[in-house]
Amino acid sequence: DCPTTGGVTVDIDLVSGWNWISTNVLSENMTLNSVLPNADPYDFLKDQTTFSQYYDGYGWYGGVSSILIGSGYKLSIQNNYNWTYTGSSVSPSDYLISLSAGWNWIGYVPNTPLATNTALDFTAEEYDFIKSQTTFSQYYTGYGWYGGVSILEPFSGYLVSVASNHDFFYPNSSLSRIIEDDFNSNHSFDFNYNEFEFNGSITASLNCDKLDISNDDMLVAYDRSGNVRGYANPVYFPLTSEYIFMLMVYSNDNQDNLFFEFYDNDLKENYSLNQTIRFESDMIIGDGFNPLEFSMNSEEEISSLSVSKAYPNPFNPTTNLEYSIVNSGLVKITVFDVTGRQVSVIENSYKTAGDYSIIWDAQNNTSGIYYIQILSGNEIKTQKVVLLK
């Protein structure tokens, strides 16, 4: 927390991988070597137009020479990093934020969080767009900003897409209180978005009369190897009185193909969906009025793979998993840790249609959360298990 006057010490814990950052603390020396000292070799920082890297024995070198108040940055670090330096709190009225039509990387200047509809003090237009590293919101005429970015916070960086040029000042923190949005998110996946440099946004709906949408259901994106690339619970969109999924997807490669599944929490079933999307950085697909519509592939694909809950769970050191396949074919069962690293392949062979049971022996693994992924044909299902030693 930053006081409005006097000395301020920034003390922010950043995690390895990508971090979207900004600052509202001004020191006498805002060069990278002063503001981000003691980095590791090849740590990487970029603004919207250029970048710098850290070289051992030299320091930061490149096009980004200083950290500017009001600008947003993407920082990639090799190891967890405690970002600390001392300066003074600034006044938002001293820093004009200029937005050009299209994408803008912005920082946050006030010293306390503000509601998005208060913080973005300009005349937004229909479908103007803001996203953080983890979620996004869109602007709807007559309603305001709606979505996961319900507040803006100090030391976070944001990407804003606008239809027209705008200049604005953030209001002083004392002028407003935070109004919580009714956006609901019950994420239950352990997914490390910091591993990825790029993200994109998909607003989607599910077209299936046989299934009822509930808050704990989930839309999940995967890459071709079955690794999770994003997930979202449904949210109630007040302007249409319908449930939509506001899904942020992630990649380090603009050529990734993304595949999708719907998880029904009440039925404890996964269903493969009919859309495949080529990932593009900063893509915006759909909106609350015109969501991308997903439907089931077919009745045969829906029911071709069935997986029971792993038992026991939590476990030590073995757990059992039963599954059945309708169509004969290759079955691959892989175990991943919470970072997405593959730790074991416990099945990878041709199976005839029928019922099967497998055992994962984790005696050589450390305690923690793991995911057992079953791949059969075009279907992927995942079980979360907890090893307690």
Side-chain angles (χ1 to χ4, degrees), residues 13-19 77-81 133-134 185-196 215-233 248-250 252 259-272 305-325 330-349 351 354-377 379-389:
D13 289 325
L14 304 175
V15 300
S16 62
W18 288 95
N19 300 263
I77 51 180
Q78 308 301 309
N79 300 292
N80 293 350
Y81 182 80
Q133 193 171 2
T134 61
S185 178
N186 297 316
H187 291 170
S188 58
F189 246 101
D190 289 300
F191 173 72
N192 185 9
Y193 55 82
N194 298 95
E195 294 179 1
F196 301 97
N215 288 339
D216 292 323
D217 294 339
M218 190 177 293
L219 177 64
V220 186
Y222 297 91
D223 64 14
R224 66 176 65 254
S225 299
N227 301 310
V228 175
R229 290 301 182 89
Y231 59 93
N233 299 110
M248 188 80 86
V249 291
Y250 299 82
N252 289 316
F259 307 86
F260 300 87
E261 283 190 349
F262 171 72
Y263 173 72
D264 189 302
N265 185 67
D266 293 332
L267 299 178
K268 307 300 182 188
E269 288 287 346
N270 291 66
Y271 303 105
S272 60
L305 173 63
S306 177
V307 181
S308 66
K309 286 188 174 182
Y311 67 92
N313 188 24
F315 70 99
N316 180 27
T318 63
T319 187
N320 303 273
L321 193 66
E322 297 177 351
Y323 66 95
S324 62
I325 55 174
L330 178 68
V331 173
K332 184 176 181 180
I333 303 176
T334 312
V335 181
F336 298 91
D337 63 18
V338 293
T339 70
R341 182 178 63 88
Q342 178 179 302
V343 298
S344 180
V345 176
I346 53 181
E347 183 66 78
N348 190 17
S349 63
K351 297 288 186 182
D355 300 327
Y356 295 90
S357 177
I358 58 101
I359 297 175
W360 180 41
D361 186 345
Q363 62 178 345
N364 294 325
N365 298 89
T366 58
S367 295
I369 297 173
Y370 294 88
Y371 295 95
I372 303 177
Q373 179 191 96
I374 303 93
L375 172 65
S376 175
E379 285 197 69
I380 300 172
K381 295 192 176 183
T382 303
Q383 288 276 327
K384 178 180 176 180
V385 295
V386 180
L387 174 60
L388 293 179
K389 290 187 174 181

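These numbers were taken from a predicted model, which means no experiment stands behind them.
In this structure, the separation between OH on Tyr370 and CG on Asp337 is 6.5 Å, given to the nearest 0.5 Å. The OG atom of Ser357 lies 9.0 Å from the OH atom of Tyr323; values are rounded to the nearest 0.5 Å. The distance from atom CG of Asn80 to atom CG of Asp13, rounded to the nearest 0.5 Å, is 8.0 Å. For the atom pair CD1 of Ile358 and CD of Glu322, the computed distance is 10.0 Å after rounding to the nearest 0.5 Å. Atom CZ of residue Phe336 and atom CD of residue Gln373 lie 4.5 Å apart, to the nearest 0.5 angstrom. In this structure, CD1 on Ile77 lies 6.5 Å from OG on Ser16, to the nearest 0.5 angstrom.
Side-chain contact check for Thr319 versus Ile372: some heavy-atom pair is nearer than 4.5 Å. Between Thr334 and Leu375 the shortest side-chain heavy-atom distance does not fall below 4.5 Å. Within the 4.5 Å cutoff, side-chain heavy atoms of Asn320 are placed close to those of Pro312. The shortest distance between side-chain heavy atoms of Arg229 and Phe196 falls below 4.5 Å. For the pair Leu321/Ile374, a side-chain contact is recorded, criterion being any heavy-atom separation below 4.5 Å from C-beta on. Proximity of Thr134 to Tyr250: side-chain heavy atoms (C-beta onward) are separated by under 4.5 Å at one or more points.
In terms of heavy-atom proximity, Arg224 sits nearest to Phe259 at CA-CE1, 3.6 Å. Shown here for Leu387 and Pro317, the closest heavy-atom pair between the two residues is CD1-CA, 4.3 Å. In this structure, Gln383 and Lys309 approach most closely via the heavy-atom pair OE1-CA, 3.5 Å. Smallest separation of non-hydrogen atoms from Glu261 and Lys381: OE2-N, 4.3 Å. Across all their heavy atoms, Asn313 and Val386 have their closest contact at OD1-N, 2.9 Å.
More than 12 heavy atoms of other residues, nucleotides or ligands lie within 6.0 Å of NZ in Lys389, so this atom counts as buried by the packing criterion.
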Check: Between Leu219 and Tyr231, is a side-chain contact (heavy atoms from CB on, under 4.5 Å) present by the stated rule, with each step listed?
Finding: CA-CA 5 Å; Leu219 177 64; Tyr231 59 93; over 6 Å; no
Notebook entry, point to check: Given Trp360 and Ile333, is the side-chain contact (heavy atoms from CB on, under 4.5 Å) satisfied, shown in steps?
Noted result: CA-CA 10 Å; Trp360 180 41; Ile333 303 176; over 6 Å; no
Item checked: From CA spacing to verdict: side-chain contact (heavy atoms from CB on, under 4.5 Å), Asn348, Leu330 -> CA-CA 7 Å; Asn348 190 17; Leu330 178 68; 3.6 Å; yes
Next item on the list: Just do the side-chain contact (heavy atoms from CB on, under 4.5 Å) check on Val335 and Val343 with the steps written out, would you?
Entry: CA-CA 6 Å; Val335 181; Val343 298; 3.4 Å; yes
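Side-chain atoms of Asn19 never come within 3.5 Å of backbone atoms of Gln133 as a donor-acceptor pair (strictly under, hydrogens ignored). Of the possible polar contacts, none joining the Asn233 side chain to the Met218 backbone as a donor-acceptor pair under 3.5 Å is found.
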